[in-house]
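Keep in mind the model is a prediction, meaning the values are calculated, not measured.
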Amino acid sequence: MQPAQHPFLVHVRTGWIDFSPALHWYATQKVRSVLRPVASRVRAVTVRIADHEPHDPSTRLCAIDVTLKSARTISATSVGRNVYELVDRATEASIERLREQHEADVIHEPLSRIA
């Protein structure tokens, strides 16, 4: 049996040396599950988690960049303390932005002429 093929790459990055494998797994699975309906449009996703303020390490930032096959990039961020909740919120914001972008593309798509 072959391992399942994933339609797009997910890169998870942090600035921390003691980066948790559990956080990497969670972020990867969350992104793949939420973006599954639009996977055919996605080339790759980068999830960055870092301290939001250098002088306040208790506040974190999660930034998600979704690179589309059309070469566009959709970005979403969230700020807070719990990194798992940050991943959830930024992922939900990214799918919402993807939907908005798709609707705008459909509205501005030129009508084909009937021959």
I need the [X] [atom1] to [Y] [atom2] distance, nearest 0.5 Å.
{"X": "Thr67", "Y": "His11", "atom1": "OG1", "atom2": "NE2", "value": "8.0 Å"}
{"X": "Leu68", "Y": "Gln101", "atom1": "CG", "atom2": "CD", "value": "6.0 Å"}
{"X": "Arg43", "Y": "Ser70", "atom1": "CZ", "atom2": "OG", "value": "8.0 Å"}
{"X": "Ile49", "Y": "Arg60", "atom1": "CD1", "atom2": "CZ", "value": "9.5 Å"}

Can you give me the closest heavy-atom contact between [X] and [Y], atom names plus distance?
{"X": "Ala76", "Y": "Ala93", "result": "CB-CB, 3.7 Å"}
{"X": "Val87", "Y": "Ile64", "result": "O-CD1, 4.2 Å"}
{"X": "Ser20", "Y": "Tyr84", "result": "OG-OH, 4.3 Å"}
{"X": "Ala39", "Y": "Phe8", "result": "CB-CE2, 3.8 Å"}
{"X": "Ile74", "Y": "Ser94", "result": "CG2-O, 4.1 Å"}
{"X": "Val10", "Y": "Val47", "result": "CG1-CG2, 4.5 Å"}

Go through the structure and list residues passing side-chain hydrogen bond (donor to acceptor under 3.5 Å, both in side chains) with [X], not counting sequence neighbours.
{"X": "Tyr26", "answer": "Asp88"}
{"X": "Thr77", "answer": "none"}
{"X": "Arg89", "answer": "none"}

Derivation of the side chain to side chain contact (heavy atoms under 4.5 Å, CB included) call for Gln29 and His24
CA-CA 9 Å; Gln29 296 306 313; His24 181 278; over 6 Å; no
Taking C-beta and beyond as the side chain, do [X] and [Y] meet within less than 4.5 Å on heavy atoms?
{"X": "Leu86", "Y": "Leu61", "answer": "no"}
{"X": "Thr73", "Y": "Val66", "answer": "no"}
{"X": "Leu9", "Y": "Val45", "answer": "no"}

Backbone N or O of Ser75 within a donor-acceptor pair of the Arg97 side chain at under 3.5 Å?
yes
Taking the side chain from Lys69 and the backbone from Ser40, do they hold a donor-acceptor pair closer than 3.5 Å?
yes
Side-chain heavy atoms nearer than 4.5 Å, only ILVMFWY residues, links allowed to pass through others: does that put Val12 and Leu23 together?
yes
Please report the C-alpha distance between Leu35 and Leu98 in whole Å, then the side-chain angles of each, then the deciding distance to 0.1 Å, and finally whether the side chain to side chain contact (heavy atoms under 4.5 Å, CB included) criterion is met.
CA-CA 9 Å; Leu35 297 180; Leu98 276 165; 3.7 Å; yes
Does a donor on one side chain sit under 3.5 Å from an acceptor on the other, for Thr46 and Asp65?
no
